[in-house]
Amino acid sequence: MTAITYELIKTDQKSKARRGRVHTPHGSIETPVFMPVGTAATVKAMRPDEVKQMGAQIILSNTYHLYLRPGHQIVKEAGGLHKFMNWDRAILTDSGGFQVFSLGDLRKITEEGVEFRSHIDGSKHMLSPEKSMEVQNALGSDIIMAFDECAPYPADRGYVKNSLERTTRWLKRCKEAHENTEIQSLFGIMQGGMYQNLRYQSAMEIVELDLPGYAIGGLSVGEPKELMYEVLDYSVDYLPANKPRYLMGVGSPDYLFEGVERGIDMFDCVLPTRIARNGTAMTSQGKVVIKNAAYERDFSALDPECECYTCKNFSKAYLRHLFKSNEILSSMLLSNHNLYFLIHLMDGMRKAIEEDRFLEFKKEFYNKYGKL
RNA sequence: GUGGGUGUAGUCAAGCGGUUAAGACACAGGGUUGUGGCUCCUGCAUUCGUGGGUUCGAUUCCCAUCACCCACC
């Protein structure tokens with residue numbers, strides 16, 4: 001018995017989109033789902049009760065960051081991550097694999113693991129499959145991710161093949177080292193870059209380990225949109241239908257639609273909260289760069305079709321003023337809106353799948369949303 | 001009224017005789033996708049209060065003038 005189980009409820013008649021449910025020790029999650037990112041045990045600028053109230057079913061936090069600060073032992077002493085940050089719904093933790101990729105410069109990858117320098121104080125650390133499991137076990141998140149290597153783009157076939165094979169070996173070590181299987185489930189991560197046969201090889205290797213869920217990693221790392229969609233097309237088919245499929249790091253509305261259409265169940269992304277902090281909103285009419293001078297005297301709502309707290313109570317002119325004045329409330333209100341927007345977009349997608357009109361729903365959205 | 005000082009972009013300012021006048025902030029665009037991000041990138045003075053003069057050449061020196069500031073009557 002694993003901590004996480006997947007229930008397939010319905011598959012769309014005209015696409016690979018599917019409606020499902022992931023059962024976790026902290027409640028069940030209706031899928032497809034968007035997971036807000038809370039790297040340092042907090043969804044930046046948001047209170048947990050707000051995140052919960054807008055309908056977030058699961059959030060993501062991060063092994064690398066919590067290991068460095070405050071330290072996983074402290075989180076464990078606090079009673080685990082859920083209690084520490086006061087979030088009683090599901091939590092997924094990333095393994096630190098992506099930081100190995102994004103920190104780039106000061107790191108050394110070996111078979112044992114990755115040696116890197118802390119971005120906080122420069123101190124030297126080693127992250128390995130065993131260490132990542134130790135940290136994630138201490139955090140107590142419901143879904144824990146395998147410690148993988150995310151190959152950069154572009155990367156040649158030889159590099160990607162070696163990297164994916166090492167990721168499989170690391171996955172076996174993760175499975176071996178993972179201790180709390182009763183309350184935490186380990187998801188494997190497919191790699192393979194932009195090469196179809198390598199994606200296939202990676203899938204075969206990780207699926208053989210019969211894990212509770214699988215993620216597609218190594219996408220949205222700078223490749224063209226069309227290429228990502230193409231890789232996604234066949235990659236999803238290599239994963240079992242009776243397990244949740246998670247596309248890592250994707251979160252713009254168009255990517256979410258294209259992912260769901262191809263059979264993805266879970267997404268996470270820093271995009272909504274990051275662009276919120278930098279003065280941009282996602283709305284039903286498209287992207288709104290609230291800091292632009294055009295909104296100086298625009299007293300209308302950010303998104304006239306949105307029911308979120310921000311849209312119901314404040315004008316674009318006020319939001320622009322808050323941003324230009326560097327007010328904390330700016331990050332709070334825009335993050336609130338962007339997260340609400342994506343969460344409700346997923347609500348709409350789920351409903352559309354149930355009614356077999358996912359493609360129509362997608363078309364309607366694109367017609368209004370326009371570019372990105 | 002007398003003496004002194006200052007006038008360079010929206011603001012604070014560097015430059016003080018020599019090719020395209022630092023920088024910061026502000027302002028204006030853009031970026032952002034398993035968060036090293038209240039961040040990053042780009043743009044923004046044919047012109048140095050005004051008028052003369054000296055000089056091959058002046059934002060830089062001289063004179064006048066205007067504005068503002070300080071001190072003393």
Side-chain angles (χ1 to χ4, degrees), chain A residues 34-46 58-66 68-69 92-107 116-122 125 132 136 141 143-151 153 167 187-191 213-225 228 246-256 258-259 264 266-282 287 289-296 320 322-335 338 342 371-372:
Chain A
F34 175 77
M35 307 183 280
V37 175
T39 299
T42 164
V43 177
K44 293 188 197 298
M46 298 290 296
I58 171 172
I59 60 171
L60 183 145
S61 198
N62 199 280
T63 296
Y64 168 83
H65 296 272
L66 296 178
L68 287 180
R69 189 168 57 190
L92 178 153
T93 42
D94 190 19
S95 63
F98 186 74
Q99 279 60 49
V100 167
F101 161 79
S102 66
L103 260 47
D105 34 335
L106 282 173
R107 58 154 203 214
F116 63 93
R117 284 188 178 279
S118 161
H119 70 277
I120 300 165
D121 61 8
H125 299 269
S132 180
Q136 295 189 74
S141 41
I143 297 173
I144 65 177
M145 298 307 297
F147 186 68
D148 67 330
E149 189 200 340
C150 180
Y153 175 84
T167 290
F187 277 25
I189 304 174
M190 177 208 285
Q191 288 295 341
Y214 294 97
I216 295 175
L219 286 184
S220 191
V221 288
E223 75 283 8
K225 241 173 222 199
M228 186 186 111
Y246 163 28
L247 175 57
M248 307 185 81
V250 158
S252 59
D254 52 347
Y255 277 13
L256 295 178
E258 300 301 328
I264 296 295
M266 304 163 70
F267 303 85
D268 81 280
C269 196
V270 304
L271 195 65
T273 42
R274 178 180 287 171
I275 66 175
R277 275 177 277 120
N278 294 322
T280 298
M282 299 171 177
K287 190 163 71 173
V289 183
I290 202 67
K291 63 185 169 182
N292 285 358
Y295 304 113
E296 191 176 19
R320 172 178 141 89
L322 290 180
F323 181 81
K324 300 296 285 183
S325 310
N326 270 311
E327 285 294 337
I328 293 169
L329 188 58
S330 170
S331 293
M332 293 165 64
L333 294 179
L334 284 177
S335 295
N338 282 350
L342 288 189
K371 77 284 168 204
L372 191 98

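Below, chains carry the letters A, B, ... as their sequence lines are ordered, and counting in each starts from 1. Note that the structure is a prediction, hence the values are computed from the model and not measured.
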Check: Just to confirm, is there a sub-4.0 Å distance from OP1 or OP2 of B/U35 to any side-chain nitrogen or oxygen of A/Q99?
Finding: yes

Note to self: Is it the case that B/U35 (base atoms only) and A/S102 (side chain only) share a donor and an acceptor within less than 3.5 Å, ignoring hydrogens and angles?
What the structure shows: no

Margin query: I need the A/S331 OG to A/M46 CE distance, nearest 0.5 Å.
Written below: 11.5 Å

Next item on the list: Check every strand shown and say whether A/S118 touches a base, only sugar-phosphate, or nothing at a heavy-atom separation below 4.0 Å.
Entry: nothing

Checklist line | Candidate nucleotides B/U32, B/U35, B/A28, ranked by approach to the side chain of A/H65 - the nearest | finding: B/U35

Next item on the list: Examine the side chains of A/Y64 and A/H125 and answer whether a donor and an acceptor come within less than 3.5 Å of each other.
Entry: no

Next item on the list: For A/G97, report the nucleic acid contact type (base, sugar-phosphate, nothing); a contact means any heavy atom under 4.0 Å.
Entry: nothing

Next item on the list: Mind checking A/F267 for me? I need base, sugar-phosphate or nothing, with any heavy atom below 4.0 Å counting as a touch.
Entry: nothing

Checklist line | Sugar-phosphate, base or nothing in reach of A/N278, heavy atoms under 4.0 Å | finding: base

Note to self: On the nucleotide B/G31, are OP1 or OP2 found under 4.0 Å from the side-chain N or O atoms that A/K287 carries?
What the structure shows: yes

Next item on the list: Report which part of the nucleic acid A/T280 touches: base, sugar-phosphate, or nothing (heavy-atom distance under 4.0 Å, all strands).
Entry: base

Margin query: Taking only side-chain N and O atoms of A/N62, does any of them lie within less than 4.0 angstrom of OP1 or OP2 on B/G34?
Written below: no

Item checked: OP1 or OP2 of B/A28 under 4.0 Å from side-chain N/O of A/R320 -> yes

Next item on the list: State whether the side chain of A/S95 and the backbone N or O of A/G97 hold a donor-acceptor pair below 3.5 Å, judged by distance alone.
Entry: yes

Margin query: Looking at A/R274 and B/U35, is any side-chain donor or acceptor paired with a base atom of the opposite kind under 3.5 Å?
Written below: yes

Next item on the list: Return yes if some donor-acceptor pair links the side-chain N/O of A/Q136 with the main-chain N/O of A/M145 below 3.5 Å, else return no.
Entry: yes

Checklist line | base_contact_polar (B/G30 base, A/K291 side chain, donor-acceptor, <3.5 Å) | finding: yes

Next item on the list: Determine the contact category for A/Q191: base if any of its heavy atoms lies under 4.0 Å from a base atom, sugar-phosphate if only primed atoms, P, OP1 or OP2 are that close, otherwise nothing.
Entry: base

Notebook entry, point to check: Does A/E296 or A/V221 map to a spot on RNA chain B nearer the 5' end, using the closest nucleotide for each?
Noted result: A/E296

Item checked: RNA chain B base-pair string [pairs: Watson-Crick or G-U under 3.5 Å; |: paired with another strand] -> ((((((((.[[[..)..(....]]].(((((.......))))).....[[[[[..)....]]]]]))))))).

Item checked: Expected output: side-chain A/Q191 to main-chain A/I189 donor-acceptor under 3.5 Å -> no

Notebook entry, point to check: Is the side chain of A/T93 donor-acceptor paired with the backbone N or O of A/S61 at a distance under 3.5 Å, no angle test?
Noted result: no

Margin query: Please check: side-chain N/O of A/T63 versus main-chain N/O of A/S132, any donor-acceptor pairing under 3.5 Å?
Written below: no

Next item on the list: Using the P atoms only, state how far B/G23 lies from B/C44, rounded to an integer number of Å.
Entry: 12 Å

Notebook entry, point to check: When you measure from the side chain of A/F323, which nucleotide among B/U39, B/G29, B/U35 comes out closest?
Noted result: B/U39

Checklist line | Backbone N/O of A/D121 and side chain of A/S118: donor-acceptor pair under 3.5 Å | finding: yes

Notebook entry, point to check: Considering heavy-atom distances to RNA chain B, does A/S331 or A/D94 have its closest nucleotide positioned more toward the 5' end?
Noted result: A/D94

Margin query: Distance criterion of 3.5 Å, no angle test: do you see the side chain of A/D148 paired donor-to-acceptor with the base of B/G34?
Written below: yes

Notebook entry, point to check: Looking at A/N292, does any N or O in its side chain come under 4.0 Å of the phosphate oxygens OP1/OP2 on B/G30?
Noted result: yes

Check: Across the strands shown, which category fits A/I120 at heavy-atom distances under 4.0 angstrom: base, sugar-phosphate, nothing?
Finding: nothing

